[in-house]
Amino acid sequence: MKGTGLFASSSLDSEKRLICLTLPNLSVAGFQETSSLKVELCFFASFCSPPRIKDEPDDDGFYASPKEDSKPLKRPREDDDILLILQDSKAKKVKSKDKKVPEADKRKKPKKEEEQKWKWWEEERYPEGIKWKFLEHKGPVFAPPYEPLPENVKFYYDGKVMKLSTKAEEVATFFAKMLDHEYTTKEIFRKNFFKDWRKEMTSEEKSTITSLSKCDFTHMSQYFKAQSEARKQMSKEEKQKIKEENERLLKEYGYCVMDNHKERIANFKIEPPGLFRGRGNHPKMGMLKRRIMPEDIIINCSKDSKIPAPPPGHKWKEVRHDNKVTWLVSWTENIQGSIKYIMLNPSSRIKGEKDWQKYETARRLKKCVDKIRNQYREDWKSKEMKVRQRAVALYFIDKLALRAGNEKEEGETADTVGCCSLRVEHIKLHPELDGQEYVVEFDFLGKDSIRYYNKVPVEKRVFKNLQLFMENKQPEDDLFDRLNTSILNKHLQDLMEGLTAKVFRTYNASITLQQQLKELTNPDDNIPAKILSYNRANRAVAILCNHQRAPPKTFEKSMMNLQSKIDAKKEQLADARRELKSAKADAKVRRDEKSKKTVESKKKAVQRIEEQLMKLEVQATDREENKQIALGTSKLNYLDPRISVAWCKKWGIPIEKIYNKTQREKFAWAIDMAEEDYEF
DNA sequence: CAAAAGACTTAGGATTTCGAAG
DNA sequence: CTTCGAAATCCTAAGTCTTTTG
């Protein structure tokens, strides 16, 4: 099975999305609605632990609980020594101020305000391994229970109405809700679904329903469409009510207290049951993702915290107190058997610190990357096959920003690869192609089954090595048969502490942004044009990292709209110019103050319109260039935010133009600490 | 030692919200 | 005020890398 017809099955999508990886500008790396809704909401309230009364004493529990113990142990990181020393005194001041706030004030003053300003980055870190000293939360919010369909909504089997048991009906609704999706027509999806559905049936149902193709879900499907339509048509008041309920839920369950601070939780709602849809050609698509019950849940919190109560009549699987991990809640998912977690928001200290650290590691790589590059170039000549393979793989990881490529269990997931797991069939060698020598053509599915397609000229030695690695191998054989990620990472660890394959992606992404910004920013440009330059720099990184997206469904249309706006603006500009001209002529004849003034104002109008036109044109360029490229992923995960902050400061660009509210929260540390001269 | 389990980051698509145009 | 497209947010899958287990 391995590797056969890799693209035959899934290439259609990928084909459409194929983008040119070699943009000219890119230089790589130095190289019923209402009533049912109400029921849902009430359910939340009852299935979660009882709401706390506002002014209960435990309300300030989180100020009291951790006590003075939280004096952090000193563990300055190599890279931030100076920073920490400089800010030490400041940090202490902040802290002591916190503590002196009188009791009464604490409750009245919204904690929000106070907490949002908390600058965790000015405080010392915990010793390695310890993630927190105090943790209190209210546990997860469970999915609303299944609500049986109204009697008049029918399911038909073999043309005849059939009333399903509640359990079977619930699973049937999952399928019905997906009826419009292409994947309900896929063989694997249908097979997996049917198998799991039958498990939920009563024995009578099982004996009657023997073929999925005889099942008619269309009525159910129509019902759900009508429901969602009705949802859209709800009155403002009803919508408002739902919104308020969500806010209440967020307020109650969306936050935890970790070491004196109230922090936002990322995913406090348990994933509802449904049909699994993996990405790409996934062997498990269509399987039933079962409902998670309190009995599945492990709670993690402090011993001395108020332990969250399980829903009435239920128990937690376990309550543990492990401060070596960051999660609050975990459970085992039934599709892959992997563990899922509830963790904190990216704005939290625990996530932010890690993020910061990630970029510091990448900056350390910057200091030794030349040495490492020389080293792997030497290793291309090694007598040992293992060393050569390692060196070539590392070259790809560095030059092309490929992912490490762990082995995957065959048949458990979609067939995708990264660097170490590349197979012979994924590359083609061209001694010469389009006037270039030693070209390697890559064509494989990477993470999320996104296609990576690239033709890269490589050094002769690399090329010769690849020929060697491919000798006497079948297409489905591993290209690097003596290598895996663990061997590679072990080697990297020896070259630099904390170095792993993914650090190269972070490093190359960030350094590329910095370079591109230097290259592309024109000091004379106005703000929109500078932002276009920023986006182009960002885009260079996204292309390097192969961050693709499906072109938005409305892309063509929105492009047309924008074009017509531009045309209209152009006309408006022509008109304004004509008016200016005649006003000038008029002024020349009349030579009075009033007509002079008219000329001035017309001039201004022309200027204004010119600027607007320019803005629109820039927008159009930006959007066109972005058709199949996703900027968000690199912005959020690969680009040292301090580079962007510094760039904004340097050119007087408001940070809001680059980062939205959520992103500003995530990168608060960088926004606070980076000056305009920051160098990655 | 290798395989499995565990913890955490990275990822694109779906859904919801927002804000400008009509 | 309504509509519509874009942006923001949500969702959870799919990776990486570390730790534990046998």
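Here is how names work: the chains are called A, B, and so on, in the same order as the sequence lines, proteins then strands, and each is numbered from 1.
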Looking at [X], I'd like to know whether one of its side-chain N or O atoms comes within less than 4.0 Å of OP1 or OP2 on [N].
{"X": "A:Thr326", "N": "B:dA7", "result": "no"}
{"X": "A:His282", "N": "C:dA14", "result": "yes"}
{"X": "A:Lys269", "N": "C:dC10", "result": "no"}
{"X": "A:Lys284", "N": "C:dA13", "result": "no"}
{"X": "A:Lys351", "N": "B:dT9", "result": "yes"}

Got a sec, which residues hit ring pair (Phe, Tyr, Trp, His ring centres under 6.0 Å) with A:His137, two or more places apart in sequence or on another chain?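 None.
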Nearest-Å distance for atom pair [atom1]/[atom2], residues [X] and [N]:
{"X": "A:Arg277", "N": "B:dG13", "atom1": "CZ", "atom2": "C1'", "answer": "11 Å"}
{"X": "A:Lys340", "N": "C:dC11", "atom1": "NZ", "atom2": "P", "answer": "13 Å"}
{"X": "A:Gln663", "N": "B:dT10", "atom1": "CD", "atom2": "C1'", "answer": "15 Å"}
{"X": "A:Ile265", "N": "C:dC10", "atom1": "CD1", "atom2": "C1'", "answer": "16 Å"}
{"X": "A:Tyr659", "N": "C:dA7", "atom1": "OH", "atom2": "P", "answer": "18 Å"}
{"X": "A:Leu445", "N": "B:dG12", "atom1": "CG", "atom2": "C1'", "answer": "15 Å"}
{"X": "A:Lys358", "N": "B:dT9", "atom1": "NZ", "atom2": "C1'", "answer": "7 Å"}
{"X": "A:Asn660", "N": "C:dA7", "atom1": "CG", "atom2": "P", "answer": "11 Å"}

side-chain contact (heavy atoms from CB on, under 4.5 Å) partner of A:Phe444, the single match among A:Leu402, A:Asp415, A:Thr416: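 Result for side-chain contact (heavy atoms from CB on, under 4.5 Å) with A:Phe444: A:Leu402.
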Residue whose closest nucleotide on DNA chain B lies nearer the 5' end, A:Asp322 versus A:Glu409: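 Its nearest nucleotide lies further toward 5', so the answer is A:Glu409.
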Earlier contact from the 5' end, DNA chain B, for A:Lys243 and A:Ile350: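 That would be A:Ile350.
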State, yes or no, whether a side-chain contact exists between A:Lys251 and A:Glu247 at a heavy-atom distance under 4.5 Å.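 Heavy-atom side-chain distance check fails, nothing below 4.5 Å.
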Closest listed nucleotide, where the reference is the side chain of [X] and the choices are [options]:
{"X": "A:Ile339", "options": "C:dA13, B:dA11, B:dG6", "value": "B:dG6"}
{"X": "A:Arg403", "options": "C:dT16, C:dT12, B:dT10", "value": "C:dT16"}
{"X": "A:Glu271", "options": "B:dC8, C:dT12, C:dA14", "value": "C:dT12"}
{"X": "A:Arg505", "options": "B:dA11, C:dT9, C:dA13", "value": "B:dA11"}

Here's a test of your reading of the structure: between A:Glu333 and A:Lys661, which maps to the more 5' nucleotide of DNA chain C?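 Result: A:Lys661.
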Any N/O donor-acceptor pair, A:Lys447 side-chain to B:dT10 base, under 3.5 Å: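 By the distance-only test, yes, there is a pair.
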For A:Tyr341, report the nucleic acid contact type (base, sugar-phosphate, nothing); a contact means any heavy atom under 4.0 Å.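 The residue A:Tyr341 makes base contact.
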If you look at every strand shown and take non-hydrogen atoms under 4.0 Å, does A:Pro272 touch a base, only sugar-phosphate, or nothing?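 Sugar-phosphate: the residue A:Pro272, judged by heavy atoms under 4.0 Å, touches backbone atoms but no base.
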Is NZ or CZ of A:Lys289 both nearer than 6.0 Å to the six-membered ring centre of A:Phe276 and within 45° of the ring axis?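 Negative - A:Lys289 is either too far from the ring of A:Phe276 or too far off its axis.
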Honestly, is A:Arg125 close enough over A:Trp120, meaning NZ or CZ under 6.0 Å from the six-membered ring centre and within 45° of the axis?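 No, cation not above the ring by the 6.0 Å, 45° rule.
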Mark yes or no for whether A:Asn334, through its side chain, and A:Arg290, through its backbone, hold a donor-acceptor pair below 3.5 Å.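 Looks like yes, one N/O pair under 3.5 Å.
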Distance only, no hydrogens: is a donor on one side chain within 3.5 Å (strictly under) of an acceptor on the other, for A:Thr485 and A:Asn406?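 A pair is found: one side chain offers a donor N or O, the other an acceptor, under 3.5 Å apart.
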Under-3.5 Å N/O pairs linking protein and nucleotides 17-20 of chain C:
residue, atom, partner, partner atom, Å
C:dC17, OP1, A:Thr500, OG1, 2.9
C:dC17, OP1, A:Ala501, N, 3.2
C:dC17, OP1, A:Lys502, N, 2.7
C:dC17, OP2, A:Asn489, ND2, 3.1

Kindly write out the residues that satisfy side-chain contact (heavy atoms from CB on, under 4.5 Å) with A:Arg482, not counting sequence neighbours, or none if the list is empty.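 A:Met385, A:Lys386, A:Gln389.
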